[in-house]
Every structure is written in structure tokens, then in C-alpha cells.
Amino acid sequence: MPQIAPERYQNYARFQKAVDPLADAVAAAFAQRSAGGGRRLLDTAIERGIDAVDDPPPALVDLFRQLDSVPLWVDWERIDRGGAVFLRSGVLGIAVLNLFSLPIMYSSAGGNKPLVFTGHLIKRAPRRLAETARFVLASSRPGGLRRHGEGFKISVRVRLMHAQVRRLLWRSGRWKTEWGEPVNQLYMAGTNVALSAGLIEGMQRLGFRISRADEEALLHMWRYSGYLSGVDPELAISTPEEGRLIGELLRDAEGPPDSDSRALLEALMSAAYHPLLEGKQWPAKLSYGLSRKLIGNELADALGYPPSWWTPTIIATWPLFWLGSIAQQVIPGARGLATRVGDVIWDRMIEQVMAGAQADFRPPSRLAKRPSEETKA
Amino acid sequence: MKTDTLPILSAHDWSLLDQHSKSASYRRGDVILAEGASRRALHMVYSGTVRVEQAQNGRGIALALLGPGEIFGEMGFVENGPATASVVADDDVTVYVIDGDALQSVMASEPGFAVRYYHSLALTLIRRLRVTSRRLTEAGSAGVAQAQVNPFHGPRTGNISTRQVPPELTEGLAAFERAMLAVKQELRAGTLAESDAAPRVKAACDAVVRLLDQFTQSELITEMGWSDLLAFRDASGLEAGVGDYVFRETFRTFMLSATMARCYAKPRGFPDDHETIAVIYANVPDGDDRLGPLIDRWFLDRPLTRSRRASRDLMQARLLAVVKQQPAGAPVRIASLAGGAAAELLALCAAPEAAAVSATCIDIDNQALQAAARNAESVGVGERFTLIQGDVGVPSGEAIALPPQHAIYALGFAEYLGNDQVVGLIDFAFDRLIAGGTLIITNLAATSPDRALMAHVLDWKANHRMIDELRALFARSRFGGRPVEVAADETGVTWLASCSKAG
């Protein structure tokens, strides 16, 4: 039973049933074509514009009308500034993504169901992390979210992948109405908040200092990313306070994590992200310890985190990252250097995890089964 | 003498016709009006049933049965041309005949008679035209009626992307290919005896069926969809895509089997045609190359083909039970609906206990009816067989007249019909059964292990049903709440459902 005021819960429930009609209509239209037929139209529309598509389905025209219409509130300079904040975070940002943002996303019992339905993420945790990182990196690079930027293209593809996930789950006969719609607006907004306000909060907890202007620039970037991803404007956030509000609403309404949340987190924490770490126990213990400190004991316990003596060591990181972020602000040229170095670190990490394979936002091969008691029932 | 077939004629008109008519009686098999004859006369059936039939390869195939009150010969009268079909007494028949000259004289002497007569005739022809039009329309839209099942093979590409084809499936089919090639080479080299090759061929072919079953399960289908989301494939498309893939990878091997090749090709435009059924009944393996007969043996031993033979035997046994329920020597009428050459009915009629059985075969396939006629004549029961060409799979099958039957059955037909069509078929039979008469229909079971093999490798689409689904169809029909007995044949692949009309 959600601990939330009734009038707010009504609004919450409304978004639990809301999806993305523009993208869903495109998925429905593409389902009528051959395998690959829809993708070709989509690629043409993304790469060369909707006018370059011969006889486009009306649904695709409608979607690109929305995508190609840049809202008046968009400020490209602020978007690039927000992206640079992200890039500067370097290894810290990667850690926060892995140990704070994703655990919060996975703790949502309703939101995690599409992920566990095929054992996708559980089997391919590193790849999924790398895909998310690639999306974040491409969106953060200068011009990444502009019409022909890589972040824009990935956002559109991910949006349509979500629409297709909905189609598959609706038709699977195993999707329960109590979970709301698959990949619903709350899930989409929650992801957006976790990658924006959540990431800021996590970095701050580790000691990284972010100015209010940088904070708002980062949120501005993610607000536009949400627009491209089909997030309802009512759920888009502009300030850290709004982010906290939406985050609390989701946490309160979703209730405690379930066994699927725990399985997802176990996969995320236990995955070997580097060949040298294969078979080693300490990386997982370190991950659990740091993540516990970031997400708090209550959520960590609910997610089944084992106790870890690494948790207190996070205190040691605080002065390090605080000093680093101060240095970026006061030393001339340090911000630019940090941005470039951060970009390289993100890129290397993705390359390492993907082992040379492109993060194309399509799982590479067969996915192992791991139906939880919730999805089996 | 009066009939609704000429509805505009007045009582006075009928009394005039009465004065000019003569009655004539015929025995079963007598030709009342010969095809091509130029006799101008109006005939009206008073009692009994007549067959309107056309000769095909020396054998008369009935186009319609006409009962009391119905007229014939009216077309020749209007056209002043030869009869386009023969009319034969189906049993002992009495007809009224009004000679053409007599009719002309009434028209000339009685004011208004000609108008009323031709008006009535026009109405009759309009009614028949409407029935024909409706039948054509239904045949075109029904999709799964006997003549409309899979009239051609559809495209089998574009349902699945390369990324979505599971590697385990690819590897499994490659293993099949390797296994078959090895057997072929060893047979060719003389290092393998056919008796030793058969189990290896069986194991390899069985593995393909298992792969098909495994990868058309809903959970794996969802996973396949997930593995390439931007291919925008739904579950139905992916299942078809798995089938397409297996079809393409195994086609050249499976088509070495004569029976499988015939099942796939459907030379008569629909599966289960009488020749295919005859091949399955014969159960003698045949095929090309060294592997062909071995694969054919495997296929002829599959549950599907064994079930085709077993359900025929079971149906024959059930029909014999119906016969034995009747008083000894009393005539028994049994009709086969869309049963092709109806081997089970032929075998029944040849049995000494069934000497009083009169059989009727209704089928859209005139070649099947001719085969039935040849087979019946070869065992000396030709005179007891009535053959009617018609499609009972569409609602206008109602137009097919049939004297009351003791039993009506449809073997291997309901699985090609939609639910509404099955109910229509049951109602069609209900209306033509005597009180206490029995309808028996068969349907492939939803649990058939060869379902995927049929659908994906042989392009043999059928509606497999659960027992409860069959019962529900009877409950929706005019049988209503009458008890329905459902039993499986010995293979468990075919349900046999029977229901008797209230006595």
C-alpha cells in the first residue's frame, strides 16, 4: 500500500497507465512490415530526415514532427554545459551510475519487470551498463542532443525499443495489469530523474562539488533528453527540488523492492567489468559497500546487500573528490582538461565492457532465463 | 398438386395444371430425364427424392437432391433446349409431369396464367441465383472452407531478423543436415544397411520436430523479440519466422519424402485431398534418392499420419455400431460430409452386417467423388452410393437437400473450419438426421505433437481444438444441451465427437 497522499496517488496511478502513444503507433505500423523494413525507414528518418523517407507511415511522420520540433525552452549552451559537468565527473560519474542511479532504478518493483522478463539484464549486466553509459556519454558530448547528434539518435532508437518492448509484453500473455503498463511514463521519468538529479545527488555524496548553475544545466540537458525519449512534460524536472519531489513520489508509491530488484542488483554488483577481475570476490564487496553508503542502509537492506567493511572507506573519497572538483573550478584550463579526460575515461570504460562490440542497444544473442517468482506467477 | 416453388399461381391455376398432369413412378436409379434429352415438360416431385446429376468420366455426380414439392425441367421448357443435367430417382419416386404442349395450351386459354407462371418461375430462378451467389461469396470470404484452405503458399520471408534466429536453432538444424548427409553418404558407399539407417534418420527428423516445438513456445518467442527490438516483430510473426527458418533449412531434405512432398504441394488446392489420404492409408514409404523412402517411413510413422489411419478405423467402427442399432435388414442411410473418397464408408458398405446401408458422399472435389464411385463399383456396392458435389463448409451448404439420415459424419474436415463454420456444419447435419440419428465429427487435438510440423514445414494449416472447445461448438448448435461423447483415437491426435438427436 503506497504511503502517499490520495490525490498524489491518483496522479501517480494515471502515469502508471500512460505510455508513449507516438512511439507505440510507429511500432504498430512497423510491425506490419517485414523484419528490417521498419528499421530501414527509421534509420533513414534519423540519419537523413523524415522528408527523405519514401511514403512514410503517418505514425512515423507524427513522431518526427515532435522530435524535430525543438521546444522554445531549449538553451543549447546550457545543454552543452550540463553535458560537460557529466563528462568531467569521469570515473566518479561511472561509479555513481553503477552504484547509485541504477540501483535506485532497479529497486522499482513495477519498473524492473520489463528488464527481468527475459533475463536480459541479469545475464548481460555489464553490457547493459555499457549501453546506458554510451547513451549518457553520447548525450553529454557537445551537440550530442542536437538533431544529428549521436545522443539524439540513440534517444530515438531507445524510445522505439521501449515501444516494441511494450508490444512484446502486452502480447506475451504473462504481463500483469497490477504492474501498470510496461515501460510506462513513471518508469521513463524515473530513469530520467535517476540519470539527472540522482546522478548529481550521488556525486555530491561522494564529495564532488557542483555549482547551482552547473546543476541546473545538467538537469536542463536531461529535460531535453526526456523530451526526445517521450517523457510526459508534466514529469519533466527543471530543478533539483523537482527531481527530489518526483523521486520521492516514485519511491513512496512503488513500495519496497522485490526479488526481481534483488536479482538485478546482484547481477549488477557481481559482474566482472574487466578480465583481470574475473573470479575475484573483492570487487563485488567493494561495490556493495560503496553502493550501500550511497543509497542508504534502509534501501540497501531491502535490496539484500550483504554487509561490507568497505562502506566506511567511502569517507576517504570525499576530500579527494571535493578537492578535485574545486581544482577544476579554480585552476585555469582545468575544466576543459577534466572534460576531455572524462570523455576518454567514459569511452575506455565502454570499450572495455563491450569488448570491442558496438553498444547498438540491441542485445547480442540469446538471453538466459531467470524468471522470478513474480514473473512466473 | 401444388407447390411453393411456383408461388404466384392461384388455386384455379393449379386445378388446371392438375387436369393436364400425369403421375409417373420410378424405382431407385431410374433416369427420369436424361442429360441432353429434348423433352419439354414440367416435372414436380410428389414423393421421394431425385438427384440432379451430371456425367463426369462416365459416372454421374449429383449437383443437387430435390424432394417433394420441388420442380425440374422448367429450364428446358423456357429455353426450348436439351436438358443440361440428368434427373435420376434416388429412391422410389412419384412425379407429376405436365407436358409442354399441355402447358402451352393452358397459357393460351387461361387469361393471366402465362404472366403468373413466368413470374413464379422468375422468382424460383432468382432464389436459386441468390443461393449460388451467396455460396460463391462465402466461398471467397470464408477462407477455411474445404475448397479454400491454403489455395496457394504464401510468402515465407520477412518474419524474423537474422539476429533473432536463436543460435541453438541454427546449430540444431545444422546437426540435422550433417546427420542426414552422413547417412546418405554411408548408404551410397554401402557401409550402412537401410535397417540401420532408419533409426538414425528417425532420430534426426525427430530432433527437428523437437526444435520446432521448443522454439515456438511463447517464452522463447518473447526472448527472440527482445533480442532485436528494432526489427519490430510480434509473437505471431516470430513464430512464423521460426517456422520459415526451419522450413528453408530442411525443405530440400524433407521433400525427398513422397508423402511429405504431396502434403506440402497440395495439388488439389487443399490438404488431405483424397489422393494424399490414399497414400497415407496405403502406408508404403516412397521418395527420391536413398533418403526419401527412409524419411517417408518416418513421416508415415508420425502421430499425425498414424492418426489419419486410426481415426478412419475408429470412424468405421462407430458407423458400424450405428448400423447394428437398427433393426436387422432395415434400410440405413449414412452420409459423409467432405470425406473425399470416404474409404471408411466404402469398407462399411462392403461388410456383411451393413448390407442395408445406403451411402451418400458430399464433397466439393469431383475427382474424389469419382474415386469413391470407382472404388464402390469395384467392390460391388456402387448402386448403394449417391455422390453429390457440394461444399458443406459454407452456410449455403443448407441448399444441399438430403433425405433424413441415420448417421452423418465428417472425418478430417472440422479442423479446416472456423468455429462458426463448424457450428454451421453441425446444424446442417442436425437438420438432415432422423430422430435419434447420430452426427460424428473429428478434429485434430490441440495437443497434437505434429502441430508445428504441419504448420511450418508442410504449410498445412489446421484449427486444432481442445475437447471443451468441441463440446462448446455442439452446445452452440441446434443439438443444444444434448450429451456429446468425445473420444481420442489410439494416437491421441484426433478427437472423435458424437452426438445423437433426441429420439
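Predicted model, so just to flag it, every value in this text is computed and none were measured. Throughout, protein chains are lettered first and strands after them, A, B, ... in sequence-line order, and every chain is numbered starting at 1.
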*What distance separates Leu169(A) CG from Thr222(B) OG1, expressed to the nearest 0.5 Å?*
7.5 Å
*Looking at CG of Leu229(B) and CZ of Arg166(A), how far apart are the two atoms once the value is rounded to the nearest 0.5 Å?*
11.5 Å
*Among Pro155(B), Ala231(B), Gly158(B), single out the residue with the greatest number of heavy-atom pairs under 4.5 Å to chain A.*
Gly158(B)
*Which atom names give the shortest non-hydrogen contact between Ser161(B) and Ala35(A), and what distance separates them?*
N-CB, 3.6 Å
*Determine which pairs satisfy side chain to side chain donor-acceptor pair (under 3.5 Å) with at least one residue from residues 51-61 of chain A, sequence neighbours left out, and list them in order.*
none
_Distance check, rounded to the nearest 0.5 Å: Gln32(A) atom CD versus Phe232(B) atom CZ?_
12.5 Å
*Which of the residues Leu168(A), Val26(A), Leu42(A) is involved in the greatest number of heavy-atom pairs with chain B at under 4.5 angstrom?*
Leu168(A)
_Minimum heavy-atom distance between Glu219(B) and Arg174(A), given as atom pair plus value_ = CG-CZ, 3.7 Å
*Under 4.5 Å from a heavy atom of chain A, the part of Asn159(B) involved*: backbone
_Quick check for you: to the nearest 0.5 Å, what is the distance between Leu230(B) atom CG and Arg157(A) atom CZ?_
7.5 Å
